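Below you'll find the structure, written out as structure tokens, and then a few comments.
All of these numbers come straight from a predicted model, not from anything done at the bench. All values below come from the heavy atoms of this structure, side chains included, with hydrogens, waters and symmetry mates left out.
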Amino acid sequence: MLRSILLPMIALAAALPAQAQVQPMYRAGLAKPLTATLVVKDLRWSCIGDSCSAIRNGTSPDVNVCSAVARKLGPVTSFSAGPRTFDQAAIDKCNLAAGHG
């Protein structure tokens, strides 16, 4: 009896798609397009055109990550850390800290 109940449940569980775990991300828009994968601030960034992203590990203050990206990749036009999107004043501060401005 138990076997007749468990087998269909196991089959159903195997047929369901695995839930992809959503990682919090850093996202940066670049003034100058770049296609590369590189490491900035111990994070692996993937850039295609004017968009870059990296998995957010939360070990550095977001503003420091932004300025490190701007320092290495050039001025940023947008930046977000998980749900937080930098406003224009924060973008300007980020670029200034990186020596752009």
Side-chain angles (χ1 to χ4, degrees):
M1 172 80 172
L2 185 59
R3 184 178 173 152
S4 64
I5 294 172
L6 286 179
L7 285 177
M9 291 176 75
I10 291 170
L12 178 62
L16 293 174
Q19 289 288 334
Q21 197 170 15
V22 177
Q23 296 286 337
M25 301 292 289
Y26 285 115
R27 299 197 186 280
L30 303 177
K32 182 179 174 187
L34 170 72
T35 299
T37 299
L38 34 86
V39 175
V40 177
K41 199 88 173 140
D42 294 329
L43 300 169
R44 183 174 176 257
W45 287 82
S46 296
C47 301
I48 298 174
D50 64 355
S51 297
C52 297
S53 62
I55 294 175
R56 185 175 183 217
N57 64 15
T59 60
S60 293
D62 297 335
V63 70
N64 292 354
V65 175
C66 182
S67 60
V69 168
R71 198 170 11 266
K72 189 156 185 178
L73 307 180
V76 296
T77 58
S78 63
F79 191 83
S80 63
R84 179 178 176 225
T85 300
F86 282 30
D87 61 15
Q88 191 58 52
I91 295 293
D92 293 343
K93 193 175 190 177
C94 169
N95 285 321
L96 188 61
H100 306 292

Subject >> Leu30 side chain reached by Val76 side chain, heavy atoms, under 4.5 Å >> reply: yes

**OP:** Name all pairs fulfilling the disulfide bond (SG atoms under 2.5 Å apart) condition that reach into residues 62-101, sequence neighbours left out, sorted by first residue then second.
**Re:** Cys66-Cys94

**OP:** Just jot down the salt bridge (charged side-chain N to carboxylate O under 4.0 Å, His left out) partners of Arg27, sequence neighbours excluded, or say none.
**Re:** none

**OP:** Output all residues satisfying salt bridge (charged side-chain N to carboxylate O under 4.0 Å, His left out) with Arg71, sequence neighbours left out; order by chain, then residue number.
**Re:** none

Subject >> Those residues that, when tested against Asn64, pass side chain to side chain donor-acceptor pair (under 3.5 Å) (two or more places apart) >> reply: none

Subject >> Shortest non-hydrogen contact from Pro83 toward Arg56 >> reply: CD-NH1, 4.4 Å

Original post:
Could you give all pairs that pass the side chain to side chain donor-acceptor pair (under 3.5 Å) test and reach residues 83-101, with sequence neighbours left out?
Top reply: Gln88-Asp92

Sequence neighbours left out, cut at 3.5 Å: what donor-acceptor pairs do the side chains of residues 36-52 make with other protein atoms?
{"from": "Trp45", "atom 1": "NE1", "to": "Val40", "atom 2": "O", "distance (Å)": "3.4"}

Original post:
Applying ring pair (Phe, Tyr, Trp, His ring centres under 6.0 Å), which residue pairs with at least one partner in residues 51-75 are found, sequence neighbours left out?
Top reply: none

Subject >> ring pair (Phe, Tyr, Trp, His ring centres under 6.0 Å) partners of residues 73-92, not counting sequence neighbours, each pair once >> reply: Tyr26-Phe79, Phe79-Phe86

Original post:
Would you find a donor on one side and an acceptor on the other, under 3.5 Å apart, between the side chain of Ser78 and the backbone of Gly29?
Top reply: yes

Original post:
Can you list the other members of the hydrophobic cluster that holds Met25, where links are side-chain heavy atoms under 4.5 angstrom apart?
Top reply: Ile55

